[in-house]
> 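Next up is a structure, given as structure tokens.
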Amino acid sequence: MDYIKTDKYRVVESVKISEVPTYEDFGKSEKRLKKDLSKIRRELGEFQDTLYAHNKYSVLICLQGMDTAGKDSLIREVFKDFNVRGVQVHSFKVPTELELDHNYLWRHYLALPAKGKFGVFNRTHYENVLVTRVHPEYILNERIPGIHQVDDIDQKFWDKRFEQINNFERHLHENGTIIFKFFLHLSKEEQRQRLLRRLAVKEKHWKFSPGDLKERELWGQYRTCYEEAINNTTKEHAPWYVVPADSKKAARVIVASILLKRLKKYKDIKEPMLEDEILANLVDYENQLQTEKND
């Protein structure tokens, strides 16, 4: 959509999250936003078909945000017109015992999209520099040599982890993965309202956890950690986008627009041509089918 300037959401070098607005609706009605999203996602669905046929690139979409930021509904609405076989969604929760027996990136490697496919990480490898940074005691579960207590986890530890994540994403990029990273920027007040709705609507009770309120008390710490993580890992090949998330419908249109605009720049992604021998005999193949007798 022409009214969405996608570059304004991209973090080029650094960002101060407190100065970025959490609300945007472009002066458009919800009906108009829904209609625009429908048009964009149809084009994304067509691109997905071409990506699959081309079979040389994959697309990784990373979604981060505070609880209630709208990640699940965004996935549902933005990818509605995709062939279900061409998009895989992974929601990363607390690491299992098996996952803790490996390095922290192991489970993310296993979930990466194959060539020709889209992969969506709902919460991502960045949890390892976000929730673990707010709760450094979780790091002790990883049984890392030299880390015996929380006091052993210093700034150098986190700087090294940023470097490891950058190397991970650079490796993916160099091997044909197109990377998008979205931070759904929600205001604390909007989160309060969404939590209240979960409590008020019986069908949404299952989404609520008292732990949400405890994490809410750490809002400032999480914002600081997000800011440092984004500023240390936004790269030309793996950029971060900070998306206003107080309006779910606008956030969906923004994310879909960013995806479509950047993916369209890959002019080499196109359906493969048939071999010359097959092209030369297309008429014969058609005649063979036309004259085929029913059994």
Side-chain angles (χ1 to χ4, degrees), residues 57-67 69-72 74-76 78-79 82 84-148 150 152-153 157-184 207 209 211-212 215 218 222 225-226 228-230 232-235 237-241 255 259:
Y57 290 93
S58 60
V59 178
L60 176 62
I61 299 160
C62 301
L63 298 177
Q64 286 287 161
M66 298 293 286
D67 289 331
K71 298 182 293 295
D72 291 334
L74 185 147
I75 293 169
R76 181 187 68 237
V78 170
F79 300 100
F82 276 48
V84 294
R85 292 179 297 176
V87 58
Q88 302 165 331
V89 179
H90 295 272
S91 297
F92 294 99
K93 301 185 184 299
V94 176
T96 64
E97 286 299 319
L98 175 61
E99 290 166 346
L100 288 170
D101 280 338
H102 297 78
N103 73 79
Y104 71 94
L105 288 173
W106 177 75
R107 64 176 180 164
H108 303 288
Y109 268 109
L110 295 180
L112 290 171
K115 291 183 183 299
K117 294 191 175 184
F118 279 68
V120 182
F121 283 3
N122 182 354
R123 296 194 183 277
T124 72
H125 44 292
Y126 282 94
E127 291 293 292
N128 298 285
V129 290
L130 292 168
V131 67
T132 55
R133 195 161 188 192
V134 175
H135 299 282
E137 65 274 14
Y138 294 170
I139 291 291
L140 302 181
N141 296 327
E142 297 181 24
R143 305 191 302 279
I144 301 172
I147 303 296
H148 308 292
V150 170
D152 295 328
I153 306 170
F157 175 88
W158 299 114
D159 290 341
K160 175 58 69 174
R161 193 154 275 201
F162 291 141
E163 181 184 355
Q164 292 165 350
I165 289 174
N166 283 329
N167 289 338
F168 168 61
E169 293 175 351
R170 185 179 301 108
H171 170 71
L172 299 182
H173 164 73
E174 290 174 352
N175 285 274
T177 299
I178 305 169
I179 303 171
F180 295 85
K181 299 181 295 191
F182 297 100
F183 171 55
L184 301 184
K207 291 185 176 183
S209 167
D212 295 338
E215 292 299 283
L218 303 172
Y222 272 106
C225 292
Y226 265 110
E228 186 165 347
I230 290 170
N232 276 277
T233 59
T234 191
K235 303 294 179 183
H237 60 273
W240 273 101
Y241 299 87
V255 168
L259 291 172

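Since the model is a prediction, treat every value here as computed from it, not as a measurement. Positions are given from 1, in the same order as the sequence printed here.
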> If you define the side chain from C-beta out and look only at heavy atoms, does anything of I153 sit under 4.5 Å from I147?
yes
> Within the 4.5 Å heavy-atom criterion, are F79 and L259 side-chain neighbours or not?
yes
> CZ/F118 to CD1/I61 distance, rounded to the nearest 0.5 angstrom?
5.5 Å
> Please report the C-alpha distance between F121 and L112 in whole Å, then the side-chain angles of each, then the deciding distance to 0.1 Å, and finally whether the side-chain contact (heavy atoms from CB on, under 4.5 Å) criterion is met.
CA-CA 9 Å; F121 283 3; L112 290 171; 4.0 Å; yes
> Sorted by first residue and then second, give each salt bridge (Lys or Arg N to Asp or Glu O under 4.0 Å) pair with at least one member in residues 105-122; sequence neighbours left out.
E99-R107
> In the structure I gave you, are the side-chain heavy atoms of E127 and Q64 within less than 4.5 Å of one another anywhere?
yes
> Just wondering, more than 12 heavy atoms not from R85 lying within 6.0 Å of its CZ?
no
> Any heavy-atom pair between the side chains of I139 and Y104 that's under 4.5 Å?
no
> Is the ring centre of F92 less than 6.0 Å from the ring centre of H108?
yes
> About how many Å separate CD of E163 and NZ of K160, when rounded to the nearest 0.5 Å?
4.0 Å
> For T233 and A229, indicate whether the former's side chain and the latter's backbone hold a donor-acceptor pair under 3.5 Å.
yes
> Please state whether the rings of F182 and F180 are parallel, tilted or perpendicular, taking 30° and 60° as the class boundaries.
parallel
> Would you say that V120 contacts H90 through its side chain, given a criterion of any heavy-atom pair below 4.5 Å between the two side chains?
no
> When you measure from the side chain of D101 to the backbone N and O of T96, does any donor-acceptor pair fall under 3.5 Å?
no
> Indicate whether the side chain of H125 and that of E169 have a donor and an acceptor atom separated by less than 3.5 Å.
yes
> Taking atom OG1 of T177 and atom CZ of R170, what is their separation to the nearest 0.5 Å?
14.5 Å
> About how many Å separate CG of L98 and CG of L100, when rounded to the nearest 0.5 Å?
9.0 Å
> So C225 and V134, side-chain contact (heavy atoms from CB on, under 4.5 Å) or not? Walk me through it.
CA-CA 8 Å; C225 292; V134 175; 4.0 Å; yes
> Run through V89, I75, T124 and flag the one making a side-chain contact (heavy atoms from CB on, under 4.5 Å) with L63.
I75
> To the nearest 0.5 angstrom, please state how far the NE2 atom of H171 sits from the CG atom of L105.
11.0 Å
> Find out whether F157 and D152 are in side-chain contact, i.e. whether some heavy atom of one side chain is under 4.5 Å from a heavy atom of the other.
no
> Which is it for Y138 and H135 under the ring pair (Phe, Tyr, Trp, His ring centres under 6.0 Å) test, yes or no, and what are the steps along the way?
CA-CA 6 Å; Y138 294 170; H135 299 282; 5.1 Å; yes
> Answer yes if the ring centres of Y126 and W240 are under 6.0 angstrom apart, and no otherwise.
yes
> Test of understanding: with side chain to side chain donor-acceptor pair (under 3.5 Å), list the residues that count as partners of D212, not counting sequence neighbours.
none
> Is R161 salt-bridged to E142, going by a charged N under 4.0 Å from an acidic O?
yes
> Considering only NZ, NE, NH1 and NH2 on the basic side and carboxylate oxygens on the acidic side, decide whether R123 and D67 come within less than 4.0 Å.
yes
> Please say whether more than 12 non-hydrogen atoms of neighbouring residues, nucleotides or ligands are located less than 6.0 Å from CD in E97.
no
> Is the shortest side-chain heavy-atom distance between Y222 and V131 below 4.5 Å?
yes
> In the structure I gave you, are the side-chain heavy atoms of L60 and P113 within less than 4.5 Å of one another anywhere?
yes
> Quick one: CD on E174 to NE2 on H237, what's the gap to the nearest 0.5 Å?
7.5 Å
> Do F183 and Y226 have their ring centres less than 6.0 Å from each other?
yes
